[in-house]
Amino acid sequence: MNELLVMRHAKSDWTIGTSDLERPLNRRGERAADEMAEWILDEQLCPDLIICSPAARTRATATAVAVACGADPATIEFDPDLYLAGAFAWMQTLTRQIATRILICGHNPGLDDLVENLAAGPVPLSPSGKLMNTAAIAHFRVPSGWAALDDGGAELVQLVRPSHL
């Protein structure tokens, strides 16, 4: 059985005058990325493959996971087509994979849509009514394999937000 971890990038710093693509994490985001990376390690969910948007904030978030899991950050796959990608682009990327446990790191609203599309049932919202808060992780089991992945084709095991830790 395959597993998918859908992770939204951690909180970014809007005070720095850079392009959207180069906007880094703020201090809160750095802490949340590290905390969620430690949660992945504690839950023994370290990914075999990390696929990521090339934005600075997603790169930093995914790198925190790789480092916590003892993986070389140079093995993270940064795909320019996944910058601000929608659910369809993520689905196409996933159906081509062979790794058993994959972590993807990207942006909203695409990840919100992906999580809702993948889940076979209702998805729990945060108290503020949001789905994929910054640094949130949706953990799925994918019984049919990547090539057959389609809407409603995954079991949402848990959705963890930094505020839960």
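These numbers come from a predicted model, not from an experiment.
Separation of atoms CG (D113) and CG (N108) is listed at 8.0 Å; rounding is to 0.5 Å. Between the CD atom in E30 and the CG atom in D13 there is a gap of 9.0 Å [rounded to 0.5 Å]. Atom CZ in R28 sits 10.5 Å away from atom OG in S12 (nearest 0.5 Å). Rounded to the nearest 0.5 angstrom, E22 CD and D20 CG are separated by 9.5 Å. Note: N133 CG to S128 OG = 5.5 Å, rounded to the nearest 0.5 Å.
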For a quick test of your reading: what N or O donor-acceptor pairs under 3.5 Å do the side chains of residues 31-44 make, sequence neighbours left out?
none

List the atom pairs, with distances to 0.1 Å, where a side-chain N or O of residues 59-75 and a protein N or O form a donor-acceptor pair under 3.5 Å, not counting sequence neighbours.
{"residue": "R59", "atom": "NH1", "partner": "P54", "partner atom": "O", "Å": "2.4"}
{"residue": "T61", "atom": "OG1", "partner": "A10", "partner atom": "N", "Å": "3.0"}
{"residue": "T61", "atom": "OG1", "partner": "R57", "partner atom": "O", "Å": "2.8"}
{"residue": "T63", "atom": "OG1", "partner": "R59", "partner atom": "O", "Å": "2.7"}
{"residue": "D72", "atom": "OD1", "partner": "A74", "partner atom": "N", "Å": "2.9"}
{"residue": "T75", "atom": "OG1", "partner": "D72", "partner atom": "O", "Å": "2.6"}

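With hydrogens and angles disregarded, no donor-acceptor distance shorter than 3.5 Å links the side chain of R23 to the backbone of S19.
S53 is listed as a side-chain neighbour of H107, based on a closest heavy-atom distance under 4.5 Å. Side-chain atoms of T18 and P24, non-hydrogen and from C-beta on, do get closer than 4.5 Å to each other.
Contact record, N2 with G145: ND2-CA, 3.5 Å, taken as the closest heavy-atom pair.
Heavy-atom neighbours of R101 CZ from other residues, nucleotides or ligands within 6.0 Å: above the threshold of 12.
Linking Ile, Leu, Val, Met, Phe, Trp and Tyr residues whenever their side-chain heavy atoms come within less than 4.5 Å leaves I50 and I98 in two separate clusters.
When hydrophobic side chains of Ile, Leu, Val, Met, Phe, Trp and Tyr are connected at separations under 4.5 Å, L21 ends up clustered with Y83, L84. Residue V142 belongs to a hydrophobic cluster whose other members are L4, V6, L49, I51, L82, W90, M91, L94, I102, I104, L111, L114, V115, L118, V123, L125, L131, M132, F140, W146, L149, L156, L159, with links defined by side-chain heavy atoms closer than 4.5 Å.
Listed by first then second residue, pairs satisfying ring-ring contact (aromatic ring centres under 6.0 Å, His included) with a partner in residues 117-137 number zero, not counting sequence neighbours.
Remark: H139 pairs with no residue by the ring pair (Phe, Tyr, Trp, His ring centres under 6.0 Å) rule, at least two apart or across chains.
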